[in-house]
There are 2 protein chains.
Amino acid sequence: MGWKTKQGQTETCYKFFTNLANPTRLAAIEHLMEKPMSVNELATALKQEQSMISHNLKPLLQCNIISIEKQGRKHIYTVNQETLNPIFNAIKNHAEKFCPRGGKCLRGDKS
Amino acid sequence: MGWKTKQGQTETCYKFFTNLANPTRLAAIEHLMEKPMSVNELATALKQEQSMISHNLKPLLQCNIISIEKQGRKHIYTVNQETLNPIFNAIKNHAEKFCPRGGKCLRGDKS
DNA sequence: GGTTTATATGAGTAATTATTCATATGAATA
DNA sequence: TATTCATATGAATAATTACTCATATAAACC
């Protein structure tokens, strides 16, 4: 496809949004925003398999949406608040301002 | 899945990011940011079928990421700059600050 | 060094999402 | 009102992405 070789913001954004357009990864991010955690802690919190969490953290790490700090055999993941806060705020504002009834249009609700 | 019924930012963001995590839709947005356009103008600019453009504009419209103004038989689409500008700026900053060599990590480049 | 604990990886399958082609709708104009 | 132009929709298929299970790696501790 043409866009794959195209330089510019579109391509950069595509990768970025792709990383965030996943419920497991977003839930992980939401939890990590509360406090940094290890893979198993996240797996427990999200009631998901450890391998699934690992698989999903990987692309976030590659994009520096999260970072890792190894403490012994635990890997503690931390979110990049500097990047994510403004984005989440922008979406929150969007939902409030442009979406009727508290962002209903953003929730897969067809009514 | 649990997250589908869960209230809150995660779910709202999921729908939002899903809409943007697509190369065709991002390319359309990029073009519409230059100037508002009709479906056929976009199809020509992106070298894509008209029906593909229509299919892709639909979810963006539902989320108010773009808006429509009907001029006769033409449907002119306009991007919601108020929402998109801060998000794209945040990603641009992220790429510059956190990604080596101009955001290479965001471009599916494994090197 | 062997064992336990923590995380990562690979490969196959399931689920989701995108795209295409045919056709429907709907507005303008002859 | 028949025709043309512009867009939307539906349904089938293609492509992508997520998930699961088995297993590998790797650090800590005995």
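Below, each value reflects all heavy atoms present in this structure, side chains not excepted, and no hydrogens, waters or symmetry copies. All values derive from a computational prediction rather than experimental measurement. Letters A, B, ... mirror the listed sequences (proteins, then strands); counts begin at 1.
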Legend entry - Atom-pair distance (CG on A:N19; P on D:dT16), nearest Å: 17 Å
Inset, instruction - Measure the OG1-CG distance between A:T24 and A:L42 for me, rounded to the nearest 0.5 Å. - result: 11.0 Å
Inset, instruction - Indicate yes or no for a side-chain donor-acceptor contact from A:H31 to the backbone of A:E41 under 3.5 Å, with no hydrogens or angles considered. - result: no
Legend entry - Contact under 4.0 Å: A:N40 side-chain N or O vs C:dT5 OP1/OP2: no
Inset, instruction - Quickly work out the B:L42 CG to D:dT7 P distance and round it to whole Å. - result: 9 Å
Legend entry - Nucleotide C:dT17, atom P - distance to NZ of B:K58 in whole Å: 15 Å
Inset, instruction - Specify the residues of residues 46-55 of chain B, ordered by number, for which at least one heavy atom lies under 4.0 angstrom from an atom of DNA chain D. - result: B:Q50, B:S51, B:S54, B:H55
Legend entry - Closest to the A:S38 side chain, choosing from D:dT17, C:dT19, C:dT7: C:dT7
Inset, instruction - Evaluate the criterion side chain to side chain contact (heavy atoms under 4.5 Å, CB included) for residue pair A:L26 and A:F88; output intermediate values, then yes/no. - result: CA-CA 11 Å; A:L26 279 176; A:F88 286 162; 4.2 Å; yes
Inset, instruction - Would you indicate, yes or no, if D:dC19 has its OP1 or OP2 atom less than 4.0 angstrom from a side-chain nitrogen or oxygen of A:T24? - result: yes
Legend entry - Whole angstrom value for the distance that separates P of D:dA6 from CG of B:L57: 16 Å
Legend entry - Net bend of the helix from C:dG1-D:dC30 to C:dA30-D:dT1, end axes of five pairs each, nearest 10 degrees: 20°
Inset, instruction - Mind listing the residues from residues 66-78 of chain A sitting with a heavy atom below 4.0 Å of DNA chain D? Number order is fine. - result: A:G72, A:R73
Legend entry - Distance, rounded to the nearest Å, where A:Y14 contributes OH and D:dT17 contributes C1': 9 Å
Inset, instruction - Report yes or no: does B:N64 contribute a side-chain atom to a donor-acceptor pair with the main-chain N or O of A:F98 at less than 3.5 Å? - result: yes
Inset, instruction - Indicate whether OP1 or OP2 belonging to C:dA18 is found under 4.0 Å from a side-chain N or O atom of B:N22. - result: yes
Legend entry - Sequence-distant partners of B:L61, side-chain contact (heavy atoms from CB on, under 4.5 Å), two or more places apart: B:I66, B:I68, B:Y77
Inset, instruction - Could you tell me which residues satisfy side chain to side chain donor-acceptor pair (under 3.5 Å) with B:N22, sequence neighbours excluded, listed by chain and number? - result: none
Inset, instruction - Considering just the side-chain nitrogens and oxygens of A:N56, establish if one lies under 4.0 Å of OP1 or OP2 belonging to D:dA18. - result: no
Legend entry - Hydrophobic cluster membership, B:M33 vs B:L60, 4.5 Å side-chain cutoff: yes
Would you mind writing out the side-chain donor-acceptor pairs for residues 44-54 of chain A within the sub-3.5 Å range, not counting sequence neighbours?
unit_1: A:T44; atom_1: OG1; unit_2: A:N40; atom_2: O; d: 3.0
unit_1: A:Q50; atom_1: NE2; unit_2: A:S54; atom_2: OG; d: 3.1

Inset, instruction - Before giving the answer on side chain to side chain contact (heavy atoms under 4.5 Å, CB included), spell out for B:L20 and A:L20 the whole-Å C-alpha distance, their side-chain angles and the decisive distance to 0.1 Å. - result: CA-CA 10 Å; B:L20 296 177; A:L20 296 178; over 6 Å; no
Inset, instruction - Determine yes or no for a side-chain-to-main-chain donor-acceptor pair under 3.5 angstrom, with A:H94 supplying the side chain and B:C63 the backbone. - result: yes
Inset, instruction - Mind checking the CG-CG spacing from A:N80 to A:L32? Nearest 0.5 Å is all I need. - result: 12.0 Å
